[in-house]
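Throughout, numbering of the chain's residues begins at 1 and tracks the sequence. When a ligand or atom number is given, it counts from 1 through the structure's own listing order.
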Amino acid sequence: MSIQLFTPTFRVDECLEEIRECLEKGWTGLGFKTVEFEKKWMEYTGLPNAHFISSATVGLSLALKVLKMENGWSNDTEVITTPLTFVSTNHAILYEDLTPVFADVDQFLCLDPVDVEKKITPNTRAIMFVGIGGNSGQYHEIVKLCNKYNLKLILDAAHMAGTRVNGEIPGKEADVAVYSFQAVKNLPTADSGMICFKEKSHDDICRKLTWLGINKDTYARSNDKGAYKWKYDVEYVGYKYHGNSIMASIGLVQLKYLDADNAYRRQLASWYDKNFENHFSKIRPISVAETCESSRHLYVIQVDNRDELLLALNESEVYPGVHYRDNTEYSMYSHAKGTCPNSHYLSERILSLPMHLRLSKNEIDHISKLIIKYA
Ligand SMILES: *Cc1c(COP(=O)(O)O)cnc(C)c1O
């Protein structure tokens, strides 16, 4: 039996029940379940705003677009970001004609505040922080830098559904937090995400932008009977980025189990930890920040023979992954090659081990043995 990196789990009957409600009602689009999911997400996270969207990629793009619009940023504005992330994070900066400036990562694979501070210039307006694998790294040091230098903070929380820091869901300190509910994330739907602005006014603009720039309030408000419902205004060249009720249905079910699921992920991680305990010279698990209760979207180790190990594991039908390749290795971002030596070093050595709810202790032990043998 082969072991995959990610195999999502769905409570099928419960998901189908939620979806059935949409189909029977004849409402599968924006509204209904999307509103319910937004409400439940705000309750769960304690964040003041939440808007359900079609992906985290569009969310990151909108986050920067709204901040750029509202703060009057020019195109030479720099956003400090990490090279060790899914490429969405950095593409989002380019979508908005802003300049990504790469800072190096620390032992948690997250932005290193010391290097971030060095990369701040008079053109810097924001920092994009990615909580890799659910780890908060030195997030609170980054928050301090944002306060000190008056920078906006975008939290790419694509891996952080359910992560807590000092017992609290992080994100309230950020100007905007963006979650992914893509097919293999730790809260999987099929494709969707959530964007959570600190400011209500930003959330208002964002909601118009995710629906072609349409403002349906203008005329509706002036006529109680709704006779002018069709007569909306269009205020922006918006997009078609909002989420739909079918995805929200799945999300609503997943959210009920999120804490329990993440607890099981942490259990899997502690089994790996235990198995590697006496092998730290060759297998170095990336540690989670002390104050962080990670969603454990990922379990990452550092090894010196990563590529050989990966092949050996594949031979045994175990399929790990790499999160992530240093983005400055991609031709798109190669102008920044060499600016983040630690990211480059780690990028060649990190390996993400299978991490999903269908794994048992026996499988973790089996995978661990293979790794100890081949590392
Ligand atoms: C998956 C991912 C995204 C993009 O999420 P989508 O919902 O697939 O668009 C962004 N950032 C990181 C770090 C991710 O892993």
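Here F37 and F181 bring their ring centres to under 6.0 angstrom of each other.
Within the 3.5 Å criterion, the main-chain N or O of R296 finds no donor-acceptor partner in the side chain of R266. N305 contributes a side-chain N or O that, together with a main-chain N or O of Y374, makes up a donor-acceptor pair within less than 3.5 Å.
Taking distance alone, with nitrogen or oxygen atoms compared against 3.5 Å, T85 stays at or beyond that limit from ligand 1. Looking at ligand 1, you'll find an N or O of A56 within less than 3.5 Å of one of its N or O atoms. Between H159 and ligand 1, an N or O atom pair is found at a separation short of 3.5 Å.
The single protein non-hydrogen atom nearest to atom 1 (C) of ligand 1 is K185 NZ, 1.5 Å, given as residue, atom name and distance. From the protein, the heavy atom lying nearest to atom 11 (N) of ligand 1 is D156 OD2, 2.8 Å. In terms of protein heavy-atom proximity, atom 8 (O) of ligand 1 is nearest to Q182 CG, 3.4 Å.
In this structure, K25 is positioned above the aromatic face of F32, its NZ or CZ under 6.0 Å from the six-membered ring centre and within 45° of the axis.
In this structure, F181 does not count as a contact residue of ligand 1, since none of its heavy atoms falls inside 4.0 Å of the ligand. Between H323 and ligand 1 there is no heavy-atom distance shorter than 4.0 Å.
Inter-residue side-chain proximity for H297 and M355 is flagged as unmet; no heavy-atom pair is nearer than 4.5 Å.
A salt bridge does not link R164 to E168: none of the charged nitrogens lies less than 4.0 Å from a carboxylate oxygen.
Evaluated by nearest non-hydrogen atom to atom 9 (O) of ligand 1, the leading choice among N90, I53, T57, T82 is T57.
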